[in-house]
Amino acid sequence: MQLPDKYLSPYNSSDYEDSLYKTWEDSGFFNPDNLPGERDETYCIIMPPPNANGRLHAGHGTDMTLKDIMTRYHRMTGKKTLFLPGSDHAGFETQGVFEKKLQKEGRSRFGMDRQDLYNEIYDFVMENKHITESDLKKLGISCDWSRNTFTLQPDVVSRVQDTFIKMFNDGMVYRGKRSIHWNPKFQTSLSDIETKFEQRKDPFYYFQYGPFVIGTSRPETKFADKYIVVHPDDARYAEYDHMQEFEVEWINGPIKATLIKDEVADMELGTGAMTITPWHSQVDFELAQKYDLPVEQIIDWDGKLLPIAGEFAGTKIHIARPEIVKKLEEKGLAVKIDEEYEHAVRLCERTGVVVEPQIKDQWYVKMDKLAAMTLESLDKGEYSFVTKQYEKTFRHWMEHPQDWNISRQIVWGIQIPAWIKADVEGNEEIIVSREKPEGEGWTQDPDTFDTWFSSGQWPLMTLGYPDGNDMEYYPTNVMETGADLVFKWVPRMIMFGLYLTGEVPFRDIYFHGMVLDKKGVKMSKSKGNVMSPIELAQDFGTDAMRMAFVVANPPGSDMPLSEDKVRAYKKFANKLWNIARFVYTSLEDFDHTAAVAISEEDQKHIDAFNTTRDEIASDIEQYRPHLAAEKVYHYVWTTFANEVLESTKSALSDETTPEDKASKQAMLHSILEGILKIAHPFMPFITEEIWKDYPKENKTLLMIENWK
RNA sequence: GGGCGAUUAGCUCAGUUGGCUAGAGCAGUUCGUUUACACCGAAAAGGUCAGGGGUUCAAGUCCCUUAUCGCCCACCA
């Protein structure tokens with residue numbers, strides 16, 4: 001063969017990547033239906049859908065690379081392999097992003113028509129979605145774009161709604177007034193896992209309340225407090241009886257208060273006596289239900305005080321707080337203020353807004369049975385954690401299930417298929433159905449589902465549940481995703497899978513860690529240490545970037561990433577390029593179709609390669625891609641380039657017999673093929689490009705060549 | 001309060017079921033421009049694998065313990 005000119009200059013990824021991706025895509029082999037040969041065994045990975053509202057980050061890079069390595073490997077071993085892409089509407093997050101955009105334009109979603117708002121967000125998301133998809137292609141991932149799915153496409157919407165209807169009919173969902181986490185700025189409720197705690201130092205106030213001194217950090221909620229709670233064993237209050245009543249002078253005049261003795265009171269905190277505000281505290285609400293106490297709203301949905309606050313009505317709570325304290329001081333009811341009080345404040349995880357507990361009618365999923373099914377299935381070994389360290393955490397969470405609030409007061413999502421008719425007394429009649437019920441007065445619940453309600457059904461929806469052809473891929477092989485989804489997403493998919501089909505959606509769960517910057521600090525826009533996979537791919541080549549994402553990145557632990565690391569694998573790509581150059585040059589007078597006797601020495605090299613190749617295969621199959629990648633690197637550079645290749649140099653010159661030379665040529669020819677194959681899942685572009693020139697009969701794309 | 005994990009070369013980290021003469025990248029030392037590659041090669045240097053104890057023929061790897069650091073969950077009127 002003649003050495004192609006392209007090898008005369010160093011490997012320049014940008015000259016090849018786009019056209020190679022197009023070649024793969026045009027070949028149709030991303031779609032398992034088009035793969036050649038008999039393929040009885042299926043292999044399927046469902047892509048965790050990136051949110052359709054922004055650019056890819058380094059986490060996506062790792063995520064996609066790991067999945068693509070597994071996909072490409074299994075495709076080469078002859079399985080009917082499907083890597084199924086999609087995107088998630090990411091309800092609350094997307095609407096948040098969109099509202100910021102509106103704000104910049106001096107607009108607001110409030111007052112906008114529901115459908116207009118939805119349509120505007122839809123257009124915004126579609127634009128971003130296309131950018132994301134072209135970004136994904138730059139990562140070289142071999143997913144079947146013909147099966148690309150979006151959570152808000154009509155057939156997904158209707159099937160997700162059907163699940164809700166089935167759950168309602170099965171008594172698995174209910175509607176009820178509950179203490180919810182309310183985000184007053186974004187006007188929506190949140191589930192437990194959408195909130196986080198932040199340690200803050202706030203003043204802690206002690207007020208005289210009848211014969212008691214109560215402690216509180218939230219005086220602005222106290223207007224309607226008529227119940228005092230102390231611990232039954234608290235000796236300081238032994239003289240008072242449970243349900244004893246007192247006349248109390250309070251913020252806006254005298255009231256009648258009642259003492260409750262209950263173990264929820266913490267004797268260590270403050271004076272051990274508190275008053276309760278059921279509407280604005282989850283714990284208090286539970287207590288109110290236990291003793292059948294009245295509940296009254298003090299703070300409105302915007303975070304302002306209601307008329308019950310008298311002169312403070314209409315005031316934002318953080319403004320009212322010091323004024324209320326001042327009034328109590330003037331009345332001589334303020335005992336003392338502890339300025340050093342540290343406590344945890346619940347915030348909205350995505351927006352950082354302080355959450356206000358409120359009481360609202362919401363839809364809930366009953367979790368007890370679903371959680372039990374999920375645990376039972378785990379015990380039976382129907383699915384398992386590759387990253388074992390998460391199993392215990394997962395179990396603990398599943399053993400203490402909380403009912404799941406699935407209603408969101410936003411438009412960007414799948415509307416809940418429930419119709420409500422209220423009579424004059426405010427009693428509600430509810431029909432759950434996709435179609436509007438017969439008769440007058442029905443309005444559809446304006447709320448949408450929590451995003452995780454639809455993404456929890458993602459493997460089912462993408463594979464066409466209930467009766468689509470692709471259900472042959474269910475259960476899928478592995479769910480590879482970020483560890484932050486151990487509660488948010490993974491358990492929900494398992495629960496929906498078991499509930500709807502009786503089978504888990506995937507066999508193995510593999511969590512990769514977070515990608516940190518080179519100092520080990522979490523990447524974030526505000527810190528300015530974000531590394532874009534797209535820029536890395538442009539600067540160093542996608543193959544180099546993929547290697548950097550995999551090497552030294554064991555399952556389940558975080559990984560720092562630096563440009564130096566990516567640069568190292570760019571060099572490696574060039575090394576591979578020059579190995580090809582050397583081998584192809586050496587094969588100038590070699591006939592690859594002729595039978596050649598391989599010398600004992602050369603056979604040893606081939607055998608050693610085969611051993612390495614099999615180790616790499618087992619590393620990939622057993623979820624050790626980080627070791628597999630390192631072995632590829634080490635074999636190619638140290639063993640092959642530095643040892644094998646060097647050892648052939650004298651023989652390939654004219655100082656040898658023709659037989660020996662032919663043996664060396666055949667050995668190099670054979671091992672180069674193997675190297676391109678073992679490197680392909682990790683570095684698909686450069687290997688495919690070198691493969692183009694590889695002398696072989698009946699050659700196909702490297703992507704679908706046989707691994708061995 | 002409950003749980004998980006980390007501690008290995010100057011720095012950032014690998015090291016699967018115990019078999020190690022402990023590896024990689026970057027940084028740094030010496031030599032080399034020998035036609036695959038200077039996006040390179042050769043050679044050397046750097047580590048009582050956090051401390052202590054134990055199991056074993058054998059421990060970076062398993063067990064106990066101490067210290068430091070990180071993360072997650074729960075709760076805090």
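In what follows, chains carry the letters A, B, and so on, assigned in the order in which the sequence lines appear, proteins first and then strands, with residues in each chain numbered from 1.
In this entry B/G25 has B/C11 as its Watson-Crick or G-U wobble partner, both defining distances falling under 3.5 Å. Both distances falling under 3.5 Å, in either a Watson-Crick or a G-U wobble arrangement, occur for no nucleotide opposite B/C20. Across the strands present, B/G32 finds its partner in B/C40; the criterion is a Watson-Crick or G-U wobble pair with both atom distances under 3.5 angstrom. Across all strands shown, B/C4 is found opposite B/G70 as a Watson-Crick or G-U wobble partner, with both distances under 3.5 Å. Applying the Watson-Crick and G-U wobble criteria (two distances, each under 3.5 Å), B/U55 pairs with nothing in any strand.
The separation of B/A50 from B/U7, taken at their P atoms, amounts to 7 Å, rounded to a whole angstrom. Separation of the C1' atoms belonging to B/C37 and B/C69 is 43 Å when rounded to the nearest angstrom. B/C26 and B/G3 have their P atoms separated by 42 Å, given to the nearest Å. Rounded to a whole angstrom, the distance from the C1' atom of B/U56 to that of B/A44 is 36 Å.
Counting any heavy atom pair closer than 4.0 Å across all strands shown, A/T275 reaches sugar-phosphate atoms only and no base atom. Among the heavy atoms of the strands, none lies under 4.0 Å from A/D484.
You'll find that the side chain of A/H626 is closest to B/G15, out of B/G15, B/C73, B/C37. In this structure, of B/A42, B/C37, B/A14, it is B/A14 that holds the atom nearest to the side chain of A/S557. Listed nucleotides: B/A36, B/G15, B/C26. Nearest to the side chain of A/L627: B/G15. Taking the side chain of A/P554 as heavy atoms from C-beta on, and the options B/A36, B/C73, B/G15, the nearest nucleotide is B/G15.
Taking the six-membered ring for Trp and the full ring otherwise, A/Y237 and A/F212 have centroids separated by under 6.0 Å. Checked against the 6.0 Å centroid threshold, A/Y16 and A/F685 do not count as a close aromatic pair.
Phosphate contact (OP1/OP2 of B/G2, side-chain N/O of A/H400, threshold under 4.0 Å): absent. At B/C73, none of the side-chain N or O atoms of A/K488 fall inside 4.0 Å of OP1 or OP2 (strictly under the cut-off). The side chain of A/K392 contributes an N or O atom lying less than 4.0 Å from OP1 or OP2 of B/C4. A/N642 has a side-chain polar atom (N or O) that falls below the 4.0 Å cut-off from OP1 or OP2 of B/G41. Listed pair A/K388 / B/G5 fails the phosphate criterion, with no side-chain N or O lying under 4.0 Å from OP1 or OP2.
A cation-pi arrangement, defined by a distance under 6.0 Å to the six-membered ring centre and an angle within 45 degrees of its axis, is absent between A/K570 and A/F540.
Among A/Y390, A/Y623, A/W489, the one residue that satisfies the ring pair (Phe, Tyr, Trp, His ring centres under 6.0 Å) test with A/F511 is A/Y390.
Donor-acceptor pairing under 3.5 Å is lacking for the side chains of A/S217 and A/D202.
A salt bridge does not link A/K692 to A/E688: none of the charged side-chain nitrogens sits closer than 4.0 Å to a carboxylate oxygen.
When each of A/V345 and A/R624 is assigned the nucleotide of RNA chain B with its nearest heavy atom, A/R624 is the one assigned upstream, toward the 5' end.
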